[in-house]
Amino acid sequence: MDLLVNEEVHAILGPQTSVESPFVADLGEYANVPVVSFSATSPAVSPSRTPFFVRAAASDAAQVAAIAAVVQAFAWTSVVPVYEDSDYGTALLPVLADALDAVGAAVPYRCAVSLADSDDRISAELYRLKTLQTRVFVAHVTLRLARRLFPLVRRAEMMAKGSVWIVTEGLTSQFATIVDSQHFLAEFLQGVIGVKPYVSWSPRLRRFNRRWRREFLRENHESDITELNNFGIWAYDAVWAVAAAANRLGPAAASHDFLRPNTTPTSTDFSRMGVSSTGPKLLNFIKTAEFEGLAGRFRLHDGELAVAAYQIVNVDGGSVREIGFWTEKHGLSSDLNSTAGNKLRPVIWPGYSTSVPRGWETPTGGRRLQVVVPGSPNQTLQFQSFVSMKYDSETNQTRASGFVIDVFEAAVQRLPYALPFDYIPYRNANGSGGGDYNALVKLVADQVTSSFFFIFSLSLFILIKIIFSLKVYDAVVGDVSITANRSLIVDFTLPFTVSGVSMVVPLRDGHSSTAWIFHKPLTADLWLTSVVFFIFTGAVVWILEHRTNEEFQGTAGQQMGITFYFAFSTLVFAHRENLTSNLSRMVVIIWVFVVLILQSSYTASLTSMLTVQKLNPTLSSFEELNKTGLSIGYLNNSFTKGLLLHLGFQESRLRPFRSPEQYHQALADGSVAAIVDEIPYLRVFLRDYCNNYSMAEQIYKTSGFGFVSPSVRRGRSKVGEKMLMSVFCGALQVFRKGSPLVADLSRAILNLTEGNEMTEIERKWFGDQTTCPNQGSVLSPDTHSLNAKSFWGLFLITGAVSLLCCLFYSLRSVYRDRLSLTGVVSGRSFGRRLLSIARLFDGQGNGDPPGAPRSGKRMEIGAATAGASPSSLPSSSDQESRTSTSDDSFTGSSSPELGISQIHEAMPHPGEPEENH
């Protein structure tokens with residue numbers, strides 16, 4: 001105030017603490033005087049809210065990303081901030097909590113300490129933290145408070161093996177300037193991880209540090225401080241920035257620029273404060289200053305010093321060693337600008353341990369884990385294989401057993417720490433052992449435990465903890481299904497059973513007494529495909545044979561009859577027609593092979609239908625069950641009732657049951673048409689009754705069985721109140737979202753399922769379920785009928801061979817009758833051309849009607865020419881003239897003349913003795 005009122009300064013370097021900076025920044029804004037601070041790092045004051053405030057240092061808010069990256073790299077899921085109860089400490093908490101939440105780490109509680117607190121008060125807070133679960137702490141305190149806090153941390157044995165302490169840059173940057181630093185670091189900060197902005201020690205900085213050290217030791221002979229910290233380096237660069245800005249402003253512009261208000265002798269200092277007319281210009285020069293400073297390139301971003309990287313250090317003995325860096329581009333890395341993310345050099349943890357702490361421990365002075373088990377010692381009608389409770393009169397204890405219990409105990413044994421627990425039988429509001437599982441889950445989620453702390457200061461201190469508890473269930477171990485609604489209020493481990501809901505229905509004899517059973521071995525598409533290929537094959541054989549084979553000649557009706565008869569007689573291999581063409585023989589051979597396979601498959605399928613016992617389900621699908629209107633059974637107190645109601649079933653159709661025996665009785669007497677339940681229960685039921693029932697298709701997907709723990713929303717309660725509300729679960733804290741106990745048990749369950757131990761547990765309680773042929777089968781109709789898809793390859797082969805033979809025959813015929821075809825296509829109408837080509841294809845060149853027998857004519861020609869001399873045979877010219885016969889010869893209007901095809905038929909055929917002609 002004096003500098004602004006009396007000295008009329010144009011810029012202020014400082015203040016040095018974050019507590020003073022808001023007030024000084026407000027004064028600078030009123031007077032238009034830039035306030036440049038090199039050590040006020042708290043986000044409580046920022047250039048965005050106070051324009052004339054310039055931070056020539058790194059903001060505390062910039063380091064939270066590096067702290068969160070360290071937490072994420074070691075897979076810690078909860079962090080407790082220990083902070084100074086001042087503007088310096090509290091301003092960082094919201095930013096830190098958001099950064100931790102972004103990496104999946106919760107802030108379950110906080111611990112606030114103040115310089116005004118006594119040692120007893122600070123120790124009480126530390127002992128309270130010790131009784132809780134989390135062992136990862138982030139300390140955000142000033143050096144003055146740290147010198148009191150960490151000796152008390154060591155006295156409370158919280159700097160021992162298993163603990164993690166991360167200190168922010170405000171303390172990390174001053175490690176080298178702590179009085180008797182080696183002793184303090186080794187005695188009270190062993191294993192601590194620190195985060196601070198990275199400053200490269202260039203040759204210029206080293207030379208400056210040597211000069212500064214000589215001057216400093218000349219004035220402070222007994223000091224053991226040997227080097228500058230980050231704040232000293234930033235102070236030097238801040239002075240240079242202000243000096244450079246003032247040099248750009250010039251001395252003339254800075255003289256007599258304060259505008260003073262009218263004042264009276266009674267005016268206060270604040271009312272007498274002037275306003276600088278050159279302040280905005282000087283502020284702009286400072287914010288735009290850029291030069292090579294001691295800390296590297298000096299550049300301000302939005303009025304704050306831009307930091308490119310953060311250095312991660314580890315206190316080891318009396319020294320501080322570098323273990324890695326964090327940059328916004330590459331994240332964590334062991335070396336600067338390395339691309340290997342989330343890798344740091346080995347860390348020496350508190351207690352000189354090299355093993356990474358898991359981040360939580362069993363709270364001291366806690367009680368045993370109270371595990372509630374569904375059921376009652378007096379309850380007998382239930383699925384005992386999964387979970388059951390029995391009272392031991394000799395030991396006066398309740399013992400739990402079953403598949404779920406064995407899985408839980410095997411998982412606990414695989415944990416890397418001891419987890420003491422007690423089984424508590426669940427009782428509902430009526431005092432009985434039954435009840436809705438949703439109510440059980442809600443009971444665990446709604447548990448409350450109140451803890452009151454009373455502190456009495458004696459010679460040192462005495463901490464007395466009195467816990468007033470309502471009925472508290474810490475976890476549920478039982479056959480509790482994982483559903484979306486339940487997961488909103490509790491945490492589940494990974495499932496350890498097959499998931500899903502299905503139905504079991506009775507089996508009935510599937511033999512059919514109908515007279516039309518013969519058509520069932522083949523589906524309709526295969527019947528149709530077979531008939532089509534029978535007709536197609538007969539047509540192909542007629543095409544290849546009818547021109548030369550008398551058995552395929554005659555009237556149109558005779559040819560059609562012989563074609564169908566020949567085709568379908570191949571079904572029983574009863575065809576007797578002689579084939580003269582090699583092409584037709586090839587077609588028939590391939591087709592007979594296809595018929596053989598079809599006939600054998602049909603015979604085998606029909607035999608199976610008539611002789612082998614066939615058990616069919618009464619219902620094949622859930623949709624069919626929904627349409628019948630019959631009653632349906634379900635497990636009492638299971639969520640399947642709500643599922644069925646949601647899927648449209650009327651509540652009057654639903655019948656609750658409690659055991660496999662009741663399932664069997666209801667299905668056997670027809671009380672219900674089906675049992676709808678979760679697959680694990682149905683498998684247990686089918687283990688004993690698999691010969692009478694079968695499981696249908698799955699209708700609803702669930703996540704299986706899992707262990708339940710309470711889910712508490714992340715809260716931000718202020719520490720230091722007179723009455724503290726906490727939740728305990730015996731040796732462990734009640735599991736919140738992201739609880740490490742849930743993750744540890746889930747990993748243990750995965751280890752079980754990957755090994756043979758889970759198989760042995762299943763065999764112990766459920767037996768060898770693979771011996772039941774009907775169990776787990778999916779029901780579907782017409783499972784024994786053959787379809788066309790099974791034989792499409794055979795049909796493709798016979799169809800392709802037939803088409804190729806027809807094509808080859810057609811090409812050969814066209815080439816053989818090329819001269820006749822030339823006469824047919826010349827000078828005629830389209831109709832006559834088609835008729836002529838048809839007659840030519842039918843083997844006729846005369847006026848005989850198509851399909852008329854030609855054997856007599858052939859014999860007549862042969863007789864007329866048998867004794868003729870060569871000279872009596874038609875000459876070549878006669879042949880040519882008869883090749884070009886008139887239209888009348890084809891219509892029968894004139895005397896018939898011998899065509900080329902008739903002459904060809906009359907000529908001796910190759911391979912035949914001449915005497916036959």
Side-chain angles (χ1 to χ4, degrees), residues 38-39 41-43 46-48 55-76 79 92 94-105 136 138-140 164-176 192-206 228-231 233-234 237-238 290-316 320-347 356:
F38 51 83
S39 58
T41 58
S42 172
S46 65
S48 60
R55 197 193 317 273
S59 173
D60 286 341
Q63 66 181 323
V64 296
I67 296 174
V70 173
V71 172
Q72 184 182 32
F74 293 105
W76 296 319
V79 178
L92 182 67
V95 185
L96 177 62
D98 291 342
L100 293 174
D101 183 73
V103 298
V136 181
V138 174
H140 182 56
V164 178
W165 285 87
I166 303 174
V167 296
T168 57
E169 63 95 8
L171 181 58
T172 306
S173 297
Q174 300 187 69
F175 278 167
V192 167
I193 293 179
V195 177
K196 67 176 182 177
Y198 173 68
V199 174
S200 177
W201 280 75
S202 61
R204 177 190 174 192
L205 178 57
R206 296 182 186 277
L228 280 170
N229 58 27
N230 284 355
F231 297 110
I233 298 172
W234 290 333
D237 290 344
E290 187 172 349
F291 58 89
E292 287 296 332
L294 291 181
R297 191 69 179 172
F298 183 89
R299 184 187 299 109
L300 297 178
H301 179 70
D302 294 334
E304 295 182 337
L305 182 66
V307 178
Y310 276 85
Q311 186 180 22
I312 316 299
V313 298
N314 178 219
V315 178
D316 183 11
V320 178
R321 63 186 186 92
E322 175 186 288
I323 60 173
F325 297 89
W326 178 89
T327 60
E328 186 176 1
K329 181 178 180 181
H330 300 296
L332 284 180
S333 59
S334 56
D335 297 309
L336 189 62
N337 297 326
S338 174
T339 58
N342 286 347
K343 289 187 178 180
L344 296 175
R345 298 191 185 100
V347 180
V356 178

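All residue numbers in this chain count up from 1 along the given sequence. What you see is a predicted model, and the numbers here were worked out from it, not measured in a lab. All values below come from the heavy atoms of this structure, side chains included, with hydrogens, waters and symmetry mates left out.
Pairing each heavy atom of V70 with each of W76, the nearest pair is O-CZ3, 4.2 Å. The two residues F325 and L336 come nearest to each other via the heavy atoms CD1-N, 3.4 Å. Taking every heavy atom of both residues into account, G324 and L344 meet most closely at CA-CD2, 3.8 Å. Shown here for P346 and I323, the closest heavy-atom pair between the two residues is O-CG2, 3.9 Å. Between T327 and A309, the closest heavy-atom pair is CG2-CB, 3.6 Å. Counting all heavy atoms, side chain and backbone alike, P197 lies closest to Y310 at N-CD2, 3.5 Å.
Each salt bridge (Lys or Arg N to Asp or Glu O under 4.0 Å) pair with one or both residues in residues 57-67, not counting sequence neighbours, would appear here, but there are none. Among residues at least two apart or in separate chains, there is no salt bridge (Lys or Arg N to Asp or Glu O under 4.0 Å) pair with a member in residues 67-76.
Atom CG of L332 is separated from atom CD of Q72 by 8.5 Å, given to the nearest 0.5 angstrom. Of the inter-residue distances, the one linking L305 atom CG with T41 atom OG1 reads 12.0 Å to the nearest 0.5 angstrom. Note that CD1 of I67 is 6.0 Å distant from OG1 of T168, once rounded to the nearest 0.5 Å. Put simply, OG on S333 and CD1 on I312 are 9.5 Å apart, with the number rounded to the nearest 0.5 Å. The structure places CG of N229 at 10.5 Å from CD of E169, a figure rounded to the nearest 0.5 Å. We find the CD1-CZ distance between I166 and F74 to be 8.5 Å, quoted to the nearest 0.5 Å.
The backbone N or O of S334 sits less than 3.5 Å from a side-chain atom of R345, completing a donor-acceptor pair. A donor-acceptor pair under 3.5 Å is absent between the side-chain atoms of R55 and the main chain of P47, judged by distance alone. Using a distance-only test at 3.5 Å, with no hydrogens or angles considered, no donor-acceptor pair links the side chain of N314 to the main chain of V320. In terms of modelled atom types and a separation under 3.5 Å, the side chain of D316 and the main chain of R321 share no donor-acceptor contact. In this structure a side-chain-to-backbone donor-acceptor pair under 3.5 Å is missing from S59 to P43.
Aromatic ring orientation, W234 versus F231: perpendicular (interplanar angle above 60°, classes split at 30° and 60°). Ring orientation note: the planes of F291 and F298 are close to parallel, at an angle under 30° on the 30°/60° scale.
Under a 4.0 Å N-O distance rule, the pair K343/D335 does not qualify as a salt bridge.
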Derivation and outcome, side-chain contact (heavy atoms from CB on, under 4.5 Å), residues W326 and V195: CA-CA 9 Å; W326 178 89; V195 177; over 6 Å; no
Would you be so kind as to tabulate the donor-acceptor pairs closer than 3.5 Å made by side chains of residues 199-206, with sequence neighbours excluded?
{"unit_1": "S202", "atom_1": "OG", "unit_2": "L205", "atom_2": "N", "d": "3.4"}
{"unit_1": "R204", "atom_1": "NH1", "unit_2": "E292", "atom_2": "O", "d": "2.6"}
{"unit_1": "R206", "atom_1": "NE", "unit_2": "W201", "atom_2": "O", "d": "3.2"}

